Number of protein chains: 2
Amino acid sequence: MGKQMTEMLKGTLEGIVLAILGVQPAYGYEITARLRERGFEDLAEGTIYALLIRIEQRGLVDVEKVPSEKGPPRKVYSLNRRGQEYLEEFWRTWSFLSERIGQLHEGEV
Amino acid sequence: MGKQMTEMLKGTLEGIVLAILGVQPAYGYEITARLRERGFEDLAEGTIYALLIRIEQRGLVDVEKVPSEKGPPRKVYSLNRRGQEYLEEFWRTWSFLSERIGQLHEGEV
DNA sequence: TACCAGTACATAGTAACGCTGAATAGTGAC
DNA sequence: GTCACTATTCAGCGTTACTATGTACTGGTA
């Protein structure tokens, strides 16, 4: 990751993952792979796992262990009620910030 | 600042300040005041100063000390060539990220 | 059998960033 | 002489993503 992207992901990556889980449950390896496909090519492996553990400890997601045919069991995360609320708050914060920055980009200072 | 906003500002606040300086030179107190007017109401005083020192040390801005009628001398920062390039890189990173997150917000996963 | 690639998760240590809280210093008004 | 406003600085802290490495299960292959 470029340094700028790394810093910019702080605070937003969490929202990105929660939004993905909001659509449908997923497990860490899967989320990492999907993000890499979608342009975050050198997203570090460990980053997502650390993030998932964090949001689990905050009670934003529910976890279920599901056996895999191809390796160790998967930890499938799904967004719960609290996570939903937190995600809505994230969208409000994001909307505010992206609007301001958008204005700056258009040159309206 | 809310916790989410604090985290989200990491990496973006720098770009915001560089963009402001790209329009016209400014000093710390002024930048903080302007940002507060524009919705970042509880932006911490010290944050901007620390950021300015950082970008100065990286050689992204030029500094000039200008006397003030109302207090201690101002340190007026202006974006230089390297800063301009760095800002362009910031916009590229920002555009990529905001596009991805925008897609997520629209539900296109 | 032994080895490797792919799948899947975990974690200790590090760097960077914004915030907290306090200090310093100059000006003008009351 | 004290207060408010202007203006900058800095040490210490919490949070986050990255680095690097380790563990573990499966299937293929030499």
Side-chain angles (χ1 to χ4, degrees), chain A residues 1-18 25-36 40-58 60-61 63-77 86 90 93 97, chain B residues 1-18 25-36 40-58 60-61 63-77 86 90 93 97:
Chain A
M1 284 281 148
K3 198 178 150 292
Q4 289 199 19
M5 184 58 94
T6 291
E7 290 308 321
M8 233 182 259
L9 281 178
K10 291 185 180 175
T12 53
L13 185 58
E14 191 176 283
I16 290 171
V17 170
L18 289 175
Y27 56 98
Y29 191 83
E30 182 188 6
I31 295 171
T32 302
R34 272 208 240 164
L35 288 174
R36 283 181 173 161
F40 301 96
E41 277 131 21
D42 12 73
L43 182 70
E45 180 88 44
T47 299
I48 293 298
Y49 291 113
L51 192 157
L52 288 170
I53 287 169
R54 219 163 58 221
I55 62 179
E56 182 190 352
Q57 283 171 348
R58 287 209 208 119
L60 306 178
V61 287
V63 193
E64 198 189 351
K65 224 162 200 165
V66 177
S68 161
E69 312 103 28
K70 293 185 184 173
R74 299 165 174 165
K75 281 180 75 177
V76 176
Y77 293 82
Y86 191 85
F90 169 81
T93 307
L97 185 61
Chain B
M1 285 282 149
K3 197 177 151 291
Q4 289 199 20
M5 182 59 94
T6 290
E7 291 309 320
M8 235 182 257
L9 283 178
K10 292 186 182 178
T12 54
L13 185 58
E14 190 176 281
I16 290 172
V17 170
L18 289 174
Y27 55 97
Y29 192 83
E30 183 189 5
I31 295 171
T32 302
R34 271 207 241 166
L35 288 175
R36 283 182 174 163
F40 300 97
E41 277 131 21
D42 14 72
L43 182 71
E45 184 85 47
T47 299
I48 293 297
Y49 291 111
L51 191 158
L52 288 170
I53 288 170
R54 220 164 56 222
I55 62 179
E56 182 190 351
Q57 283 172 347
R58 288 209 209 119
L60 306 178
V61 287
V63 193
E64 198 190 350
K65 225 162 199 165
V66 177
S68 163
E69 310 104 29
K70 293 185 185 173
R74 298 164 174 167
K75 282 179 75 176
V76 176
Y77 294 82
Y86 191 85
F90 169 79
T93 307
L97 186 61

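Worth knowing before you read on, the calculation uses all heavy atoms, side chains too, and leaves out hydrogens, waters and symmetry mates. Note that this is a predicted model, so its numbers are computed, not measured.
For the OP1/OP2 pair of D/dT16 and a distance below 4.0 Å, the side-chain nitrogens and oxygens of B/Lys3 include at least one atom meeting the criterion. Under 4.0 angstrom from either OP1 or OP2 of C/dC17 there lies at least one side-chain N or O belonging to B/Arg58. Considering only side-chain N and O atoms, A/Thr47 lies under 4.0 angstrom from the phosphate OP1 or OP2 of D/dC18. Taking 4.0 angstrom as the limit, A/Tyr49 places none of its side-chain polar atoms (N or O) nearer than this to OP1 or OP2 of C/dA10. Not one side-chain nitrogen or oxygen of A/Arg54 sits closer than 4.0 Å to the OP1 or OP2 atom of D/dT15. Contact check, B/Tyr29 against D/dT6: a side-chain N or O comes under 4.0 Å of OP1 or OP2.
Looking only at side-chain heavy atoms (C-beta outward), A/Phe40 and B/Leu97 come within less than 4.5 Å of each other. Looking at A/Leu13 and A/Leu43, their side chains come closer than 4.5 Å, going by heavy atoms from C-beta outward.
For A/Glu45, counting side-chain heavy atoms from C-beta on, the closest listed nucleotide (D/dA7, C/dC9, D/dT19) is C/dC9. The side chain of B/Ser68 lies closest to D/dA7 when the candidates are C/dG18, D/dA7, C/dT11. For A/Lys75, taking side-chain heavy atoms from C-beta onward, the closest of the listed nucleotides C/dA10, C/dT11, C/dG18 is C/dA10. Residue A/Leu9 has its side chain nearest to D/dA17 when only C/dA8, D/dA17, C/dC17 are considered. Checked against D/dC25, C/dG26, C/dT11, the side chain of A/Ile53 finds its nearest nucleotide in C/dT11.
At whole-Å resolution of the value, CE in A/Met8 and P in C/dC17 are 12 Å apart. D/dT9 atom P lies 14 Å from atom CZ of B/Arg74, rounded to whole Å. Rounded to a whole Å, the CD1 atom of B/Ile55 is 14 Å from the C1' atom of C/dG18. Remark: P of C/dG18 and CD of B/Glu41 are 19 Å apart, rounded to the nearest angstrom. Taking atom CG on A/Asp42 and atom P on D/dT19, their separation rounds to 8 Å, with Å as the unit. Counting to the nearest Å, the P atom of C/dA10 and the CG atom of A/Leu51 are 13 Å from each other. If you take CG of B/Leu13 and P of D/dT16, they are 17 Å apart, rounded to a whole angstrom. Rounded to whole angstrom, the span from the CD atom of B/Glu7 across to the P atom of D/dA17 amounts to 8 Å.
Taking a cutoff of 4.0 Å between a charged side-chain nitrogen and a carboxylate oxygen, A/Glu14 and A/Arg54 qualify as a salt bridge. Using a cut-off of 4.0 Å between Lys/Arg side-chain N and Asp/Glu carboxylate O, B/Lys3 and B/Glu7 are scored as not salt-bridged.
In this structure, A/Thr6 reaches the sugar-phosphate backbone alone: every heavy-atom distance under 4.0 Å involves primed, P, OP1 or OP2 atoms, never a base. Residue B/Glu14 is classed as a sugar-phosphate contact, given heavy-atom separations below 4.0 Å to backbone atoms only. Among the heavy atoms of the strands, none lies under 4.0 Å from A/Leu52.
A donor-acceptor pair under 3.5 Å is absent between the side-chain atoms of A/Tyr27 and the main chain of A/Glu64, judged by distance alone.
Where A/Glu69 and A/Gly46 meet DNA chain C, the nucleotide closest to each residue was compared, and A/Glu69 sits on the side nearer the 5' end. Along DNA chain D, the nucleotide closest to B/Ala50 and the one closest to A/Lys70 are compared, and the more 5′ of them pairs with B/Ala50. Of the two residues contacting DNA chain D, namely A/Gly11 and B/Pro73, the nearest-nucleotide position lying further toward the 5' end is that of B/Pro73.
Here the options are A/Val66, A/Val63, A/Leu52, the test is side-chain contact (heavy atoms from CB on, under 4.5 Å), and the partner is A/Lys75; only A/Val63 passes.
A/Lys10 contributes no side-chain N or O that forms a donor-acceptor pair with the base of D/dT15 under 3.5 Å.
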